[in-house]
Amino acid sequence: MTDEFKKTALALGLHKLFCARGWFDVCTLDELVKLVGVKLTDQERAAFHLMHCVDYTVMPEGHKEEMMRRVLEILRRSPEVQWSVQDFRAMMEPVRVEVVKPEPARTVQTVMRYTEVTVYFRRPWWRRLLS
């Protein structure tokens, strides 16, 4: 496996773990630690397994950020991972959010109205993470 491929896989895994879903998935964490070759302690493994499939919205305020900090701390045991929580957060913040409301339907019957939200990033987030 090439270093670039491994870094991209790691970045995508972190995105999947904290941004793509609304809950914590310990299976993704297990794969991330295997990828970088570090080990979880028994206490860390037990704590993360207890939070498996828990929705981030029911966690106490700030707990998701604490989990992110601890996961990155674990991954940084490997010399190839040097990201901080702030680096990761900065990479995930959108530059601009544009909300487009559709025009009212011109037919007599309107089946559905929706709002489209487009989020623009500076460049792909995984590229910002790798640079």
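Predicted model only: the values in this text are computed from it and were never measured.
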| message | Does Glu80 form a salt bridge (Lys or Arg N to Asp or Glu O under 4.0 Å) with Lys7? I'd like the steps, not just the answer. | response | CA-CA 9 Å; Glu80 54 195 271; Lys7 287 178 184 177; over 6 Å; no

Assess the residue pair Lys16 and Leu12 against the criterion (side chain to side chain contact (heavy atoms under 4.5 Å, CB included)); give the C-alpha distance rounded to whole Å, side-chain angles, the decisive distance to 0.1 Å, and a yes or no.
CA-CA 6 Å; Lys16 179 181 173 183; Leu12 290 170; over 6 Å; no

When every non-hydrogen atom of Ser78 is compared with those of Val36, the smallest separation belongs to OG-O, 3.4 Å

Taking a hydrophobic cluster as the set of Ile, Leu, Val, Met, Phe, Trp and Tyr residues connected by side-chain heavy atoms closer than 4.5 Å, whether directly or through intermediates, do Met67 and Trp23 fall within one such cluster? no

Q: Determine, step by step, whether Lys34 and Glu31 satisfy the salt bridge (Lys or Arg N to Asp or Glu O under 4.0 Å) criterion, reporting the C-alpha distance in whole Å, the side-chain angles of both residues, the deciding distance to 0.1 Å, and the verdict.
A: CA-CA 5 Å; Lys34 279 185 205 173; Glu31 294 303 317; 3.5 Å; yes

Hits for salt bridge (Lys or Arg N to Asp or Glu O under 4.0 Å) against Glu66, two or more places apart or cross-chain, chain-then-number order -> Arg69, Arg70

Closest non-hydrogen contact found for Leu75 with Val81 is O-CB, 3.4 Å

Interatomic distance, CZ@Phe18 vs CG@Leu29, rounded to 0.5 Å, equals 7.5 Å

Query raised in the report: Would you say the side chain of Leu14 lies within less than 4.5 Å of the side chain of Met68, judging by non-hydrogen atoms?
Result: no

Can a salt bridge be assigned to the pair Asp25 and Arg21 using a cut-off of 4.0 Å between side-chain N and carboxylate O?
-> yes

Salt bridge (charged side-chain N to carboxylate O under 4.0 Å, His left out) pairs touching residues 44-54, sequence neighbours excluded, are Asp30-Arg45, Glu44-Arg77

Just distance, no hydrogens or angles: give the donor-acceptor pairs under 3.5 Å from side chains in residues 49-59, sequence neighbours left out.
| from | atom 1 | to | atom 2 | distance (Å) |
| --- | --- | --- | --- | --- |
| His52 | ND1 | Val26 | N | 3.1 |
| Asp55 | OD1 | Thr57 | N | 2.8 |
| Asp55 | OD1 | Thr57 | OG1 | 2.7 |
| Tyr56 | OH | Leu17 | O | 2.7 |

